[in-house]
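Encoded as structure tokens, the structure appears first; notes follow it.
Counting starts at 1 for both ligands and their atoms, following the listed order.
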Amino acid sequence: MESYKHKTVILPSALSLFMFLIFSVVNVGAQTLPPARTDGFVYKNHRVNSDTIIIEAFYDPVCPDSRDSWPPLKKALHYFGSHTWLVVHLLPLPYHDNAFVASRALHIVNNLNTSATFPLLEHFFKYQEKFYNAQTRNLSRAVIVEEIVKFATEVVGSSYYSVIKSGFNDTKTDLKTRISFKYSTSRGVYGTPFFFVNGFLLPDNGSTIDFKGWKSTIDTLIGAQGSKGRFFL
Ligand SMILES: *[C@@H]1O[C@H](CO)[C@@H](O)[C@H](O)[C@H]1NC(C)=O
Ligand SMILES: *[C@@H]1O[C@H](CO)[C@@H](O)[C@H](O)[C@H]1NC(C)=O
Ligand SMILES: *[C@@H]1O[C@H](CO)[C@@H](O)[C@H](O)[C@H]1NC(C)=O
Ligand SMILES: *[C@@H]1O[C@H](CO)[C@@H](O)[C@H](O)[C@H]1NC(C)=O
């Protein structure tokens, strides 16, 4: 009985705190959505027309499957040139401890120099093991941020150290990274890598597509465009 009485007192206040938290989270989101600019990092900006094959890649910079899927996709983009157009969206996976900080570093660097975004993404792919959960188990968040700031300067140059560091103090870069997360999840993406081609999810699990796979997918689409007015479904 005593515990019952205790519960009836605690429960409403716990519930209202919970409701308050939910409301504040929703409220913060509502202020920032839709974002002023669409999410994503465009690889090699060029003209897009109705025949351009639009590829959307959803990546986590510290995910090994994302890392492995990038070289064949990059090769295909170079092979097909202006027939293709790629935008990368980030999905920092919650079970990768440093994914959000790494993704935020990409947004910070993108703000400073858009040409450095893909070099930094590739740098993360190359050395991501340094930021895996097991390797960073004993490191504080402050140490991780410091390591990632230094890591980013390896790409953009040491003169950018303080501006990248203060980027981690700027709530705008936090919000941009949240928008990437929200965008990816709003598209139904729940793992990385995920690829959409002309708006549709590729049937295969993206991490297994090699260059031949990309070439055949894109060749088929370009071939189908040749026969105007016919639909292959
Ligand atoms: C921007 O980044 C690119 C690629 O890393 C580099 O070549 C260029 O010099 C950078 N520009 C500035 C202003 O730092
Ligand atoms: C983390 O600390 C524990 C306890 O000191 C140690 O046994 C372990 O090897 C450390 N792990 C790493 C990755 O440094
Ligand atoms: C970040 O913000 C904290 C608290 O406002 C401040 O003490 C610190 O100096 C700032 N760091 C940078 C690099 O701007
Ligand atoms: C994709 O397939 C690979 C190999 O079959 C597997 O290791 C990986 O977990 C899969 N990823 C997802 C997101 O299903």
Side-chain angles (χ1 to χ4, degrees), residues 35-48 52 55-82 84-170 172-177 179-180 192-193:
R37 289 197 178 87
T38 54
D39 181 71
F41 304 130
V42 173
Y43 187 70
K44 299 216 192 293
N45 220 341
H46 59 75
R47 233 175 227 289
V48 170
T52 310
I55 303 171
E56 296 160 279
F58 291 81
Y59 279 156
D60 174 339
V62 292
C63 156
D65 289 339
S66 296
R67 172 195 65 197
D68 295 344
S69 75
W70 171 236
L73 171 57
K74 184 180 177 181
K75 193 172 168 192
L77 293 168
H78 286 238
Y79 180 84
F80 286 102
S82 61
T84 53
W85 184 87
L86 171 80
V87 59
V88 165
H89 298 284
L90 299 176
L91 174 60
L93 292 167
Y95 41 87
H96 291 158
D97 294 345
N98 305 310
F100 195 88
V101 176
S103 299
R104 192 171 174 185
L106 284 161
H107 277 291
I108 293 169
V109 163
N110 184 253
N111 281 347
L112 299 173
N113 178 356
T114 46
S115 314
T117 313
F118 279 86
L120 180 58
L121 180 64
E122 290 182 334
H123 201 56
F124 271 118
F125 283 161
K126 192 165 179 191
Y127 299 107
Q128 61 177 206
E129 281 165 33
K130 194 173 145 87
F131 302 111
Y132 285 173
N133 296 0
Q135 280 83 333
T136 56
R137 195 176 305 282
N138 296 337
L139 302 181
S140 71
R141 190 181 163 75
V143 168
I144 294 287
V145 169
E146 179 64 25
E147 286 296 312
I148 284 187
V149 169
K150 283 196 248 159
F151 186 80
T153 64
E154 289 165 16
V155 172
V156 296
S158 52
S159 59
Y160 282 96
Y161 175 85
S162 53
V163 62
I164 297 172
K165 181 131 177 124
S166 58
F168 275 99
N169 252 12
D170 180 353
K172 280 196 225 111
T173 68
D174 175 70
L175 289 175
K176 277 196 165 179
T177 317
I179 283 167
S180 293
T192 57

Self-check item: Is_contact(atom 9 (O) of ligand 2), protein non-hydrogen, under 4.0 Å
Solution: no
Practice problem: Over 60° means perpendicular and under 30° means parallel, so classify the ring planes of Phe131 and Phe151, tilted if in between. | Solution: perpendicular
Quiz item: When only distance counts, is Asn113 in polar contact with ligand 1, meaning an N/O pair under 3.5 Å?
Solution: yes
Practice problem: Could you find the nearest protein heavy atom to atom 3 (C) of ligand 2 and give me its residue, atom name and distance? | Solution: Asn138 ND2, 3.7 Å
Quiz item: Do Lys176 and Asn111 get their side chains close enough for a donor-acceptor pair, meaning under 3.5 Å?
Solution: yes
Quiz item: Have Ser66 and Asp60 got a donor and an acceptor in their side chains that come within less than 3.5 Å?
Solution: no
Exercise. Give a yes or no on whether the backbone of Val143 and the side-chain of Ser140 come within a donor-acceptor separation of less than 3.5 Å.
Key: yes
Quiz item: What atoms of ligand 2 come closer than 4.0 angstrom to any heavy atom of Ala134?
Solution: 13 (C)
Quiz item: Tell me, which protein residue and heavy-atom name are nearest atom 4 (C) of ligand 1, and how many Å apart are they?
Solution: Ser115 O, 3.7 Å
Quiz item: Looking only at protein heavy atoms, which one is nearest to atom 13 (C) of ligand 1, and how far off is it?
Solution: Tyr160 OH, 3.8 Å
Exercise. For the residue pair Asp97 and Thr136, confirm or rule out a side-chain donor-acceptor distance under 3.5 Å.
Key: no
